[in-house]
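Letters go in sequence order (proteins before strands), and every chain restarts at 1.
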There are 2 protein chains.
Amino acid sequence: MTDTAAPPTLDDVARLARVSTATVSRCINSPDRVAASTRARVETAIKTLGYTPNFAARFMAAKRTFTIGAIIPTMENAIFARGLQAFQEELHQRGYTLLVSSSAYKAEAEEEQIRTLVARGADGLLLIGHDRDPQIYDYLAQQHVPVLVAWSYSETARVPSIGFDNRAAMRSLAERMIALGHKRIAMISGISEQNDRARLRIEGVKDAMAAHGLDPERLAPVELPYDVHSGAAAFVDLMSHSPRPSLVLCGNDVLAVGALRGAHQLGLKVPEDVSITGFDDIELAQVVTPELTTVHVPHREMGRKAAQELVGMVEEKRQGVSEKLETTIMERSSVSILRDQSE
Amino acid sequence: MTDTAAPPTLDDVARLARVSTATVSRCINSPDRVAASTRARVETAIKTLGYTPNFAARFMAAKRTFTIGAIIPTMENAIFARGLQAFQEELHQRGYTLLVSSSAYKAEAEEEQIRTLVARGADGLLLIGHDRDPQIYDYLAQQHVPVLVAWSYSETARVPSIGFDNRAAMRSLAERMIALGHKRIAMISGISEQNDRARLRIEGVKDAMAAHGLDPERLAPVELPYDVHSGAAAFVDLMSHSPRPSLVLCGNDVLAVGALRGAHQLGLKVPEDVSITGFDDIELAQVVTPELTTVHVPHREMGRKAAQELVGMVEEKRQGVSEKLETTIMERSSVSILRDQSE
DNA sequence: TTGTACGCGTTATCAG
DNA sequence: CTGATAACGCGTACAA
C-alpha cells in the first residue's frame with residue numbers, strides 16, 4: 001500500500017513477474033500467445049501492483065483507443081437519450097467505450113468538441129444530423145477518423161448516415177392531419193439553421209400542404225430553441241392571431257408539450273379547441289395530458305445500428321453504408337377529427 | 001491538400017518553419033518565451049499544415065489533459081441534465097473539457113468507466129453520490145486523481161461533496177405532508193442499494209413519521225428502477241391494498257409521474273383521491289397534470305460550484321471542501337389538504 | 001532566444 | 001514462447 005508512489009507501469013509488472021515488458025504486454029493483449037505458467041505469474045503481479053495500462057502510451061504505440069466519441073446537441077431533454085443509451089450498450093458489447101459531449105446546439109462548440117475527441121484518440125465519431133461547416137469533414141478526412149451521422153438520413157451527404165427521412169415523416173403526419181380535416185395549420189419549429197432535422201420537418205409540412213391544395217407560403221413556421229418554455233410562449237402568441245389555427249404542428253415533442261402548456265394557460269382545451277402534434281415520441285409524449293399524437297422514431301434501433309456500422313467502419317477501414325429507418329405515426333389524443341374519413 | 005498523408009506532427013511544423021521542435025512547442029505552450037518574428041513563422045507553418053497537437057503524446061510528456069470526467073447514473077431522464085450542463089459550462093470557461101459516461105445505475109459499469117476515464121488522463125472526476133466500493137477510492141487515491149461527489153452531501157465521507165442533504169430534504173417534505181393531515185403514507189423509492197440518495201430519502205420519511213407519532217416500520221417502501229413505467233405499476237399495486245394510502249411519496253419526479261399515470265389508469269383523481277409527491281423538481285414536474293409537489297434542488301448552482309471546486313482541487317493540488325446546498329419544497333397541485341393548518 | 005537530447009509507457013518487429 | 005529494441009509525438013532540462 002505505498003500510497004505515495006506513482007502509478008505502476010508495465011515495467012514494474014515485468015520486474016515483479018521476472019519477465020520482459022513485451023511479455024506483460026502480450027498477456028494483456030493476446031493472452032493465448034503466452035505460456036499459461038508465465039501468464040499466471042504476470043497476472044498476479046498485475047493484481048498485487050494494481051496496474052492499469054496507461055492509455056496515452058497505448059494510443060501512441062498502437063494508434064487505437066477502442067473509444068468512440070459522440071457529440072449530441074443537448075442532454076437537457078430526452079430526445080437523444082434512448083438512442084444514445086442503445087448506442088452505448090452495443091458499443092460496450094463490442095469492447096468500445098463511449099465518450100459523450102454536448103454542443104448545446106452551437107456549431108462552434110460542436111467543432112471544438114470534434115477536435116477534442118479526435119485529439120483524444122476517438123476511433124470513430126457519431127454526429128447528429130448532416131448540417132455543418134464542410135471544413136469539418138475535411139479535417140476528419142485528413143485525420144482518418146470515420147464519422148457516422150444519425151437522426152437524419154441522406155443519400156447525398158458526404159458521410160454515411162443511419163437515420164430516418166425527416167421530411168417524409170413529417171409530410172405523412174401533416175397529410176394525415178389534413179385528411180382529418182385540418183386546414184388552418186400553424187407550425188412551431190426548432191431553429192432550422194445548421195439543423196437539417198428542423199429544416200426538413202418544415203419542408204415536409206409544406207410538401208403536404210402543396211399536395212393538398214393548401215398554400216405552403218402561409219405556413220410561416222416560427223423557429224425557437226427546443227424547450228418547453230419557448231413552445232408555450234410561441235403557442236400563446238400564435239393563438240392571438242386570427243383566424244386561429246385548428247392545428248399546431250410542433251417540430252418535436254418538447255415544443256409540443258410547451259404548446260400544451262400554452263393552451264392550458266389560455267384556458268383552451270386540447271384537442272377540442274385546438275389540435276397539437278409532436279415529433280420523436282419520447283417518453284414525455286405519453287406522460288402529458290392529453291397524450292401527444294406524434295411521429296415515432298425507432299430510437300433504440302437507430303442507436304444499435306449506428307454502433308454496429310460505426311464499429312464496422314473503424315475495424316474494417318471501409319466506407320460506411322447508410323440506412324433509412326422507418327418512422328410511424330402515433331395517433332393519440334391531442335388531435336381532433338374535423339371530418340369523417342370514410343373513403 | 002495531401003489528403004492521404006498522416007496528420008502533421010511537431011516535427012513537420014518545425015521543418016517548415018526552419019526551427020527546432022522545442023521552439024514550436026514553446027510557441028504553443030508559452031508564446032512569450034519566443035521571439036515575435038520566429039513565432040510568426042511558426043504560426044504560419046501551423047496554419048498551412050493544419051497542425052493539431054497529438055493529445056496522447058502531450059499527455060505522456062506533460063501529464064495533464066485539461067479534461068474532467070463525469071459519470072452519471074443515467075442519461076435516460078433529465079435528473080442530472082441541468083446540473084451537468086452547468087458543470088460543463090463552468091468547466092469550459094476555465095479551459096477544461098468534460099467527458100461524460102453513464103453507468104445505467106450499475107456499480108460494475110461505473111467502476112469500469114472510472115478506470116477508463118482515469119486511464120484516458122482525466123485530471124479530475126465527478127461522481128454522483130457516495131455509495132460505492134471503497135476499493136475504488138483506494139484506486140483513485142493511488143492514481144492521484146481528485147474526485148468530487150455531487151447530488152449528495154456528507155461530512156463523513158472519504159471524498160468531498162457538493163450537494164444537498166437528501167435525508168433532511170425528504171424529511172421536511174414528509175413533515176409538511178403530515179402537517180397537512182396525511183397519515184396513511186406509502187412510498188415508492190428508487191433502488192437504495194449503492195444509492196445513498198434513495199436510501200437517505202427513505203430515512204428522511206421515516207424520521208418525519210417517527211417525529212410525529214407514526215410508526216416508521218409501516219412505511220415499507222417499494223424499491224424500483226427510476227422510470228415512469230415502474231412507478232405506474234408500483235402505484236397500481238399500492239392502491240390495491242387496504243386501507244389505501246392518502247399520500248404516496250415518490251423517490252423522484254420520474255417515479256411520481258409514473259404514479260400519476262397509475263392513478264389515471266385506475267380512474268383515481270389526484271389530489272382528490274390520493275396525493276402524490278416527487279423529488280428533484282426537473283422540468284417534467286411542471287409539465288404534467290396536476291403539477292407535482294416536489295423538492296426543488298438547485299441543479300445549476302450545484303453543477304457550477306462542483307466545477308469550481310473540482311478545478312480548484314486539480315490546479316492547487318489540495319483537498320476539496322464540501323458544501324451543503326439548500327433545497328426547498330415546491331408546493332403545487334398534486335397534494336390535497338386534509339386538515340386545516342392554523343397554528 | 002533557440003537547439004539538443006532524453007524520457008514518458010506502450011506496442012510491434014524481429015531475433016532467439 | 002520470450003526478450004531486446006525501435007518507434008510513437010511531445011515537453012523540458014540543459015546547453016549553447
Side-chain angles (χ1 to χ4, degrees), chain A residues 5-43 45-46 49-67 115 118-121 123 142-144, chain B residues 5-43 45-46 49-67 115-116 118-123 142-144:
Chain A
T9 73
L10 246 203
D11 229 58
D12 299 326
V13 177
R15 207 155 357 183
L16 209 177
R18 309 188 144 276
V19 296
S20 74
T21 61
T23 300
V24 179
S25 178
R26 269 185 294 251
C27 275
I28 295 170
N29 300 303
S30 30
D32 15 291
R33 300 189 59 75
V34 46
S37 59
T38 56
R39 187 172 53 211
R41 246 188 17 261
V42 171
E43 273 161 4
I46 289 180
L49 253 34
Y51 167 76
T52 320
N54 177 307
F55 200 78
R58 191 173 232 181
F59 177 37
M60 282 200 65
K63 308 205 167 285
R64 299 251 357 235
T65 62
F66 290 94
T67 301
R115 298 193 121 86
V118 169
R120 272 159 184 75
D123 292 334
Q142 183 207 337
Q143 301 280 330
H144 299 100
Chain B
T9 72
L10 247 204
D11 229 58
D12 299 325
V13 177
R15 208 155 354 185
L16 209 178
R18 310 188 143 276
V19 296
S20 74
T21 60
T23 302
V24 179
S25 178
R26 275 184 217 112
C27 275
I28 295 170
N29 300 303
S30 29
D32 14 292
R33 297 189 61 74
V34 47
S37 59
T38 57
R39 185 171 55 210
R41 248 188 15 261
V42 171
E43 273 160 4
I46 289 180
L49 253 35
Y51 167 76
T52 320
N54 176 307
F55 194 77
R58 192 174 230 182
F59 176 38
M60 283 201 65
K63 307 207 169 285
R64 283 205 18 77
T65 62
F66 290 94
T67 302
R115 298 191 122 86
T116 296
V118 169
R120 271 164 184 72
D123 292 335
Q142 184 206 335
Q143 301 279 331
H144 299 100

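Contact annotation: A:S20 side-chain N/O to D:dG3 OP1/OP2 distance is under 4.0 Å. The phosphate of D:dT2 (OP1 or OP2) has a side-chain N or O of A:T38 nearer than 4.0 angstrom. Listed pair A:R58 / C:dT11 meets the phosphate criterion, a side-chain N or O lying under 4.0 Å from OP1 or OP2.
Rounding to the nearest 0.5 Å places CG of B:L10 at 11.0 Å from CZ of B:R15.
Atom CG of B:N54 and atom P of D:dC8 are 12 Å apart (whole Å). What separates CD of B:Q143 from C1' of C:dG9 is a distance of 13 Å, to the nearest Å. What separates CZ of B:R18 from P of C:dT1 is a distance of 23 Å, to the nearest Å. Put simply, CD1 on A:I46 is 16 Å from P on C:dG9, counting in whole angstrom units. The distance between atom CZ of A:R26 and atom C1' of D:dT5, rounded to the nearest whole Å, is 13 Å. Taking atom CG of A:L10 as the reference point, atom P of D:dC8 lies 19 Å away to the nearest angstrom. In this structure, A:R39 atom CZ and D:dT2 atom P are separated by 10 Å, rounded to whole Å. Taking atom CZ of residue A:F55 and atom C1' of nucleotide C:dC8, one finds them 16 Å apart after rounding to whole Å.
Residue whose closest nucleotide on DNA chain C sits further toward the 5' end, between A:A61 and B:R33: B:R33. Mapping B:T23 and B:K63 onto DNA chain C via the closest heavy atom, the residue that lands nearer the 5' end is B:T23. Comparing A:A22 and B:V24 against DNA chain D, the residue whose closest nucleotide sits nearer the 5' end is A:A22.
Between A:M60 and B:A57, the closest heavy-atom pair is SD-CA, 3.5 Å. The minimum heavy-atom distance between B:A119 and B:F59, with the atom names listed, is O-CE2, 4.1 Å. A:T65 and A:R120 get closest at one heavy-atom pair: CG2-O, 4.3 Å.
Closest to the A:V19 side chain, of the nucleotides D:dC1, D:dG3, D:dG11, is D:dG3.
Counting heavy atoms from C-beta outward, B:I46 and B:I28 have side chains that approach closer than 4.5 Å.
Residue contacts shown for B:S30 are absent, as no nucleic acid heavy atom lies under 4.0 Å away. B:S25 comes within 4.0 angstrom of a nucleotide base, judged by non-hydrogen atoms across all strands.
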